[in-house]
Novice: 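Can you keep this structure in mind? I'll have questions shortly.
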Amino acid sequence: MKKGWMLVVGLCAAAVMPAQAQDVAAAEALLKKSGCMKCHSVSAKKEGPSFKETAAKYKGKPDAQASLVKHLITSPKIKVDGKEELHDALKTKNEAEIKNVVAYILSR
């Protein structure tokens, strides 16, 4: 029974604690290493949408994080100048690093 209460207390504490702060420097470094900055920027449109546009598109959507994670790890087909291309995946398999990048993009 004691383990059950500890689990409940732990879950309650997790629910009221603020989300873990994102590591901006690490997110920017991974985006650069992965080649994302060739087509995207924080606020200006390039070949791809800016992170600011992406954050606005997903604002208030409950599946925003999951959608972006999927996009960044599965190399989906995208249209660039009317041609279909594969979107490159992030150059990491580390779930925490991927979530950090997604949090970075959604916070712009």
Side-chain angles (χ1 to χ4, degrees):
M1 186 69 173
K2 186 176 180 180
K3 287 182 183 181
W5 278 109
M6 289 177 18
L7 177 61
V8 170
V9 170
L11 290 173
C12 290
V16 295
M17 292 175 67
Q20 183 180 1
Q22 62 182 261
D23 185 341
V24 172
E28 289 174 345
L30 181 55
L31 287 164
K32 187 174 180 179
K33 173 184 163 187
S34 299
C36 302
M37 304 312 285
K38 293 176 189 173
C39 299
H40 302 278
S41 78
V42 172
S43 59
K45 181 160 177 55
K46 288 180 154 183
E47 276 188 62
S50 69
F51 298 145
K52 186 176 179 179
E53 284 179 75
T54 301
K57 175 182 174 182
Y58 286 101
K59 186 175 183 173
K61 294 187 178 177
D63 65 337
Q65 183 179 12
S67 294
L68 284 177
V69 166
K70 182 179 177 184
H71 185 80
L72 293 173
I73 64 172
T74 62
S75 298
K77 287 187 179 181
I78 58 169
K79 286 201 176 194
V80 178
D81 296 328
K83 299 176 190 171
E84 279 197 348
E85 297 181 10
L86 288 179
H87 186 275
D88 289 340
L90 285 176
K91 298 205 181 319
T92 185
K93 299 290 184 201
N94 182 299
E95 189 175 327
E97 290 177 345
I98 294 165
K99 287 183 177 182
N100 186 55
V101 166
V102 169
Y104 173 83
I105 293 169
L106 291 175
S107 71
R108 300 296 109 194

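No experiment lies behind these values; they were computed from the predicted model shown.
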Novice: If the condition is side-chain hydrogen bond (donor to acceptor under 3.5 Å, both in side chains), which residues does Thr92 pass it with, not counting sequence neighbours?
Specialist: Glu97
Novice: According to side-chain hydrogen bond (donor to acceptor under 3.5 Å, both in side chains), who are the partners of Lys99, at least two apart in sequence or on a separate chain?
Specialist: Glu95
Novice: Could you state the interatomic distance from OG1 (Thr74) to CG (Leu90), rounded to the nearest 0.5 Å?
Specialist: 10.5 Å
Novice: Distance check, rounded to the nearest 0.5 Å: Ser41 atom OG versus Glu47 atom CD?
Specialist: 12.0 Å
Novice: For Asp63, enumerate each residue passing the side-chain hydrogen bond (donor to acceptor under 3.5 Å, both in side chains) test, keeping only those at least two apart in sequence or located in another chain.
Specialist: Ser67
Novice: Residues two or more places apart in sequence or in another chain: which of them pass salt bridge (Lys or Arg N to Asp or Glu O under 4.0 Å) with Lys45?
Specialist: none
Novice: How many angstroms lie between CD1 in Ile98 and CG in Leu68, if you round to the nearest 0.5 Å?
Specialist: 12.0 Å
Novice: Count I, L, V, M, F, W, Y as connected when their side-chain heavy atoms are under 4.5 Å apart, and connections chain through other members. Are Tyr58 and Leu31 then in the same cluster?
Specialist: yes
Novice: Determine the minimum heavy-atom distance between Ser50 and Ala44, stating which atoms define it.
Specialist: CB-O, 3.5 Å
Novice: Hydrophobic clusters here meaning ILVMFWY residues chained together by side-chain heavy-atom distances under 4.5 Å, can you tell me if Leu30 and Val69 are in one?
Specialist: yes
Novice: Are more than 12 heavy atoms, taken from residues, nucleotides or ligands other than Lys70, located less than 6.0 Å from that residue's NZ atom?
Specialist: no
Novice: Examine distances only and state if a side-chain atom of Ser75 and a backbone atom of His87 form a donor-acceptor pair shorter than 3.5 Å.
Specialist: yes
Novice: Would you tabulate the side-chain donor-acceptor contacts of residues 100-108 under 3.5 Å, counting partners in other chains and residues two or more places apart, or write 'none'?
Specialist:
residue : atom : partner : partner atom : Å
Asn100  : OD1  : Asp23   : N            : 2.8
Asn100  : ND2  : Asp23   : O            : 2.9
Tyr104  : OH   : Glu28   : OE2          : 2.9
Ser107  : OG   : Gln22   : NE2          : 3.2
Ser107  : OG   : Ala103  : O            : 3.2
Ser107  : OG   : Tyr104  : O            : 2.9
Arg108  : NE   : Tyr104  : O            : 2.9
Arg108  : NH2  : Gln22   : OE1          : 3.4

Novice: On a heavy-atom basis, which atom in Pro49 and which in His40 lie closest, and how many Å separate them?
Specialist: O-ND1, 2.7 Å
Novice: State, to 0.1 Å, how close Glu85 and Val80 come at their nearest heavy-atom pair, and which atoms those are.
Specialist: OE2-CB, 3.8 Å
Novice: Output all residues satisfying side-chain hydrogen bond (donor to acceptor under 3.5 Å, both in side chains) with Glu84, sequence neighbours left out; order by chain, then residue number.
Specialist: none
